[in-house]
Trainee: 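Pasting in a structure now, in structure tokens, and then I'll have a few things to ask.
Chain letters run A, B, ... following the sequence lines, proteins first and then strands; every chain starts at 1.
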There are 2 protein chains.
Amino acid sequence: MAGVSPRTVSNVVNGYARVTESTRLKVEQAIAQLGYRPNVLARHLATGRSGQIVVVVPYIDTPYFAELLQAIIPVARQAGYNVLIDQSDGDREHEGQLIGPHSHRSLFDGMIYSPLGLSQQDLSNRDPALPLVVIGERTSAANFDHVGIDDVAASTEAVRHLVSLGRRRIAAIGDQPYPTGEAAQRRTAGFRAAHAEAGLEVDESLIVSTPRFNRVDGAEAMKALLELDSPPDSVFCYSDLVASGAIHTALARGLRVPEDIAVIGYDDIEDGRYNRPTISTISPDKREIARLAVERLVMRIGSKEPVPGVDLKAGYRLVARESTTGSY
Amino acid sequence: MAGVSPRTVSNVVNGYARVTESTRLKVEQAIAQLGYRPNVLARHLATGRSGQIVVVVPYIDTPYFAELLQAIIPVARQAGYNVLIDQSDGDREHEGQLIGPHSHRSLFDGMIYSPLGLSQQDLSNRDPALPLVVIGERTSAANFDHVGIDDVAASTEAVRHLVSLGRRRIAAIGDQPYPTGEAAQRRTAGFRAAHAEAGLEVDESLIVSTPRFNRVDGAEAMKALLELDSPPDSVFCYSDLVASGAIHTALARGLRVPEDIAVIGYDDIEDGRYNRPTISTISPDKREIARLAVERLVMRIGSKEPVPGVDLKAGYRLVARESTTGSY
DNA sequence: CTGAAAGCGCTAACAT
DNA sequence: ATGTTAGCGCTTTCAG
């Protein structure tokens with residue numbers, strides 16, 4: 001209809017080569033008139049790419065991951081990719097299967113992965129043909145990238161905030177002193193750094209470990225802390241969910257938050273803004289994380305040569321809300 | 001390698017026509033030896049199907065939907081379909097766009113849809129070429145199916161349970177007396193039915209509406225109920241999240257659950273099993289819902305002629321936990 | 001800058 | 001029951 005060859009149409013549609021303004025116009029008009037839509041399936045076959053990326057998170061319904069997912073989807077769509085969502089359940093075997101050799105086979109072109117059960121070791125042994133970007137936990141390695149915020153610095157800032165409010169007996173809920181708990185350990189490192197900075201001693205009995213980062217864990221950890229002979233005057237929780245549980249316990253015990261005990265969380269999930277009191281938190285820039293991860297993954301997918309793994313840091317900020325400052 | 005034609009290989013791979021045992025063996029051996037894997041992309045192009053279905057839920061991170069999603073994914077995968085997840089945010093416009101004409105265009109073969117903002121009207125006006133199964137809200141229509149549980153019966157049973165425990169002033173939290181609140185209204189209908197059955201009057205002031213079915217809504221509704229001159233002795237909440245919020249408020253007011261006020265929810269989300277007290281609830285058979293929805297959708301996708309819309313009912317059961325019985 | 005034509009790897013009507 | 005073969009609709013090498 002435009003009087004040109006498929007080649008030219010393809011060029012116009014994909015914005016490839018330089019096409020004369022006049023022919024481009026002709027083609028675009030024909031496209032509009034015909035209501036033509038490229039057949040995605042055919043394109044996939046021709047290019048050998050599925051146009052899909054999969055993002056694997058431990059749990060879909062954990063607010064932090066759900067929000068991250070919601071940030072990733074539009075960015076990926078923008079870049080021409082569809083997003084497949086997979087839940088690993090923090091199951092080591094399942095996670096291993098996902099990144100194992102040929103797990104994909106034309107189902108997806110790359111993976112954004114938030115590991116829980118897998119060690120750095122596992123991650124490095126994976127199918128090197130699978131473009132991979134890891135989010136949150138772990139650090140990068142030779143053949144994949146990592147996107148996250150500076151956990152140590154962010155945690156230091158969170159604790160520094162408590163110190164600045166005059167708190168001195170500061171507890172930490174969420175440490176995970178084992179190989180797969182790297183992210184938690186970085187937060188503990190920040191916790192210690194802030195103490196050092198302020199010339200405070202760390203009372204080791206105030207650092208409590210939890211298997212996961214959810215409400216129940218927070219509630220029980222807080223209970224333990226409140227039963228100490230000398231309970232803390234403030235708590236740094238490694239997730240907002242933990243903070244929510246911890247606050248719940250404190251209130252149930254008749255304590256006032258933040259007057260009797262200040263609580264700060266991590267993640268800035270929406271729930272925290274509606275909690276009573278609203279929860280102070282470290283707010284990672286989820287959009288930036290999403291953007292960096294997708295950009296990097298798309299680059300990897302497009303690259304012919306192997307790409308060296310890099311560590312990308314997104315921004316974050318401290319958001320002071322009622323659970324520490326008490327004011328509105 | 002097996003000395004047969006592509007046609008035969010295709011037959012074996014897809015289990016199509018009758019293939020001689022001997023040739024099938026030869027082919028299977030060759031497949032194993034070569035490590036052959038069918039190219040999904042090519043198959044898609046040849047069949048004109050993408051092998052993907054999309055499931056649209058209002059909010060990914062609402063536990064009920066997240067659990068439903070987790071039930072659907074394996075079933076769909078089993079049936080050879082990949083699952084795309086989309087969140088509508090309960091946004092009417094967005095939802096309309098999703099089911100509008102040509103919204104899909106080879107991106108997916110069918111849709112499982114849990115509407116929130118769309119009316120029955122919108123749903124019927126959609127692109128009739130898109131195979132559709134609706135979950136939860138609404139009822140079926142000429143050109144799509146509906147899968148759900150019998151909300152009226154289930155709600156009746158929930159309230160009957162309260163009655164059987166000797167409760168007489170029973171409240172309901174979650175009514176939505178407007179066009180898009182059909183599911184809520186069915187629960188209210190069950191609430192009334194149980195009253196009629198027991199010869200109890202319905203006190204209209206005990207039926208409180210909420211915009212959504214979440215914790216905050218439940219907490220605030222409960223607050224209103226407790227401020228009545230003659231507060232209820234039990235509450236039927238239209239979701240477990242609502243129940244969780246309601247219980248929270250009750251406990252914060254120093255009431256005992258269930259002694260002072262019994263609470264029953266709906267959905268049987270995992271959180272309810274860990275709540276303190278654990279939450280009694282109506283437990284829809286999510287696996288059956290998933291199975292029915294996928295089966296029906298696959299059938300629709302495969303069918304050449306238009307399929308009449310049907311209403312499929314999945315099972316459910318009453319699960320009595322601490323929030324009503326108090327026992328463990 | 002544009003055209004011609006060869007696939008991408010599979011399925012399925014048609015033939016035997 | 002199995003072989004032949006023509007596409008599916010696009011991308012892309014090679015010419016011009």
Side-chain angles (χ1 to χ4, degrees), chain A residues 1-52 79-82 102 104-109 129 298 301-304, chain B residues 1-52 79-82 102 104-110 129 298 301-305:
Chain A
M1 172 162 171
V4 299
S5 77
R7 169 76 224 229
T8 304
V9 176
S10 183
N11 281 342
V12 170
V13 169
N14 297 297
Y16 268 10
R18 307 120 297 225
V19 183
T20 323
E21 204 46 41
S22 66
T23 53
R24 140 166 298 125
L25 232 64
K26 270 190 296 190
V27 174
E28 279 170 350
Q29 242 161 31
I31 287 182
Q33 214 146 358
L34 267 41
Y36 166 85
R37 307 295 223 110
N39 180 318
V40 191
L41 268 29
R43 194 198 307 251
H44 291 340
L45 177 58
T47 57
R49 300 227 183 96
S50 68
Q52 309 208 96
Y81 285 88
N82 230 304
H102 307 297
H104 41 128
R105 294 298 311 189
S106 71
L107 261 179
F108 45 84
D109 304 330
V298 168
I301 291 172
S303 155
K304 214 50 204 151
Chain B
M1 172 164 171
V4 299
S5 77
R7 171 73 221 231
T8 304
V9 176
S10 183
N11 281 342
V12 171
V13 169
N14 296 298
Y16 268 11
R18 307 120 298 226
V19 182
T20 321
E21 203 45 44
S22 67
T23 52
R24 140 166 298 125
L25 233 64
K26 270 190 295 188
V27 174
E28 280 172 349
Q29 242 161 29
I31 287 182
Q33 214 148 357
L34 265 40
Y36 166 85
R37 307 297 221 106
N39 181 318
V40 190
L41 268 28
R43 194 195 315 249
H44 290 340
L45 179 58
T47 57
R49 300 226 184 98
S50 68
Q52 309 207 95
Y81 285 87
N82 231 305
H102 306 296
H104 40 127
R105 296 296 314 192
S106 70
L107 263 178
F108 45 85
D109 304 331
V298 168
I301 292 172
S303 155
K304 212 52 203 149
E305 287 102 88

Trainee: Over how many whole Å does the gap from B:R37 atom CZ to C:dC8 atom P extend?
Mentor: 21 Å
Trainee: Round to a whole Å and report the spacing from CG of A:N11 to P of D:dC10.
Mentor: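 Taking atom P of D:dC10 as the reference, CG of A:N11 is at 14 Å.
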Trainee: Just by distance, do the side chain of A:D109 and the backbone of A:R49 share a donor-acceptor pair under 3.5 Å?
Mentor: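 Here the side-chain-to-backbone pair does not exist.
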Trainee: Check the distance between C:dG9's P and A:R49's CZ and give it to me in whole angstrom.
Mentor: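 One finds 14 Å between P of C:dG9 and CZ of A:R49, rounded.
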Trainee: About how many Å separate NE2 of A:H44 and OG of B:S50, when rounded to the nearest 0.5 Å?
Mentor: 8.5 Å
Trainee: Using the test side chain to side chain contact (heavy atoms under 4.5 Å, CB included), find all partners of B:E28 that sit at least two apart in sequence or belong to another chain.
Mentor: B:V12, B:R24, B:L25
Trainee: What's the CZ-P distance between A:R24 and C:dT2, to the nearest Å?
Mentor: 9 Å
Trainee: Identify, with sequence neighbours excluded, every residue that meets side chain to side chain contact (heavy atoms under 4.5 Å, CB included) alongside B:A42.
Mentor: A:L45, B:N39
Trainee: Select from B:S22 and B:L45 the residue whose nearest nucleotide in DNA chain D is closer to the 5' end of that strand.
Mentor: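 It is B:S22, whose closest nucleotide lies nearer the 5' terminus.
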Trainee: D:dC10 C1' sits how many Å from A:I31 CD1, rounded?
Mentor: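 Rounding to the nearest Å, CD1 of A:I31 and C1' of D:dC10 are 13 Å apart.
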Trainee: Could you tell me the separation between the CG atom of B:L41 and the P atom of D:dG9, rounded to a whole number of Å?
Mentor: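 Result: 15 Å.
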Trainee: Under a 4.5 Å cut-off applied to non-hydrogen side-chain atoms, are A:N82 and A:F108 in contact?
Mentor: no
Trainee: Quick one: closest heavy-atom pair of B:P38 and B:V13, and the distance?
Mentor: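 Taking every non-hydrogen atom into account, CG-CG1, 4.0 Å.
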Trainee: Give the rounded distance in Å between these two atoms: CD of A:E21 and P of C:dC1.
Mentor: 11 Å
Trainee: Who pairs with A:V4 by side chain to side chain contact (heavy atoms under 4.5 Å, CB included), at least two apart in sequence or on another chain?
Mentor: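 Result, side chain to side chain contact (heavy atoms under 4.5 Å, CB included) vs A:V4: A:A2, A:T8, A:V9, A:V27.
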Trainee: Output the single nucleotide from C:dA12, D:dC10, D:dC8 whose closest atom is nearest the side chain of B:A46.
Mentor: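 Closest nucleotide to the B:A46 side chain: D:dC8.
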Trainee: What is the distance from CZ of B:R43 to P of D:dC10, rounded to the nearest Å?
Mentor: 21 Å
Trainee: Indicate yes or no: at least one non-hydrogen side-chain atom of B:L41 is less than 4.5 angstrom from one of A:T47.
Mentor: no
Trainee: Just to confirm, is there a sub-4.0 Å distance from OP1 or OP2 of C:dA12 to any side-chain nitrogen or oxygen of B:S10?
Mentor: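 It does not, given that no N or O in the side chain of B:S10 lies less than 4.0 Å from OP1 or OP2 of C:dA12.
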Trainee: Would you say the side-chain atoms of A:T20 pair up with the backbone N or O of A:S22, donor to acceptor, closer than 3.5 Å?
Mentor: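 Here the side-chain-to-backbone pair does not exist.
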Trainee: Just N and O in the side chain of A:T20: are any of them under 4.0 Å from OP1 or OP2 of C:dT2?
Mentor: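 Yes, within the criterion.
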Trainee: Could you run down the sub-3.5 Å N/O contacts of the protein with nucleotides 3-6 of chain C?
Mentor:
from, atom 1, to, atom 2, distance (Å)
C:dG3, OP2, A:S5, N, 2.7
C:dG3, OP2, A:S5, OG, 3.1
C:dG3, OP2, A:T8, OG1, 2.7

Trainee: Which angle, to the nearest 10 degrees, lies between the helix axes at the two ends of the helix from C:dC1-D:dG16 to C:dT16-D:dA1, each defined by five pairs?
Mentor: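 The angle, to the nearest 10 degrees, is 30°.
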Trainee: For a quick test of reading the model: is some side-chain N or O of B:T23 closer than 4.0 Å to OP1 or OP2 of D:dT2?
Mentor: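 The answer is yes; a side-chain N or O of B:T23 sits under 4.0 Å from OP1 or OP2.
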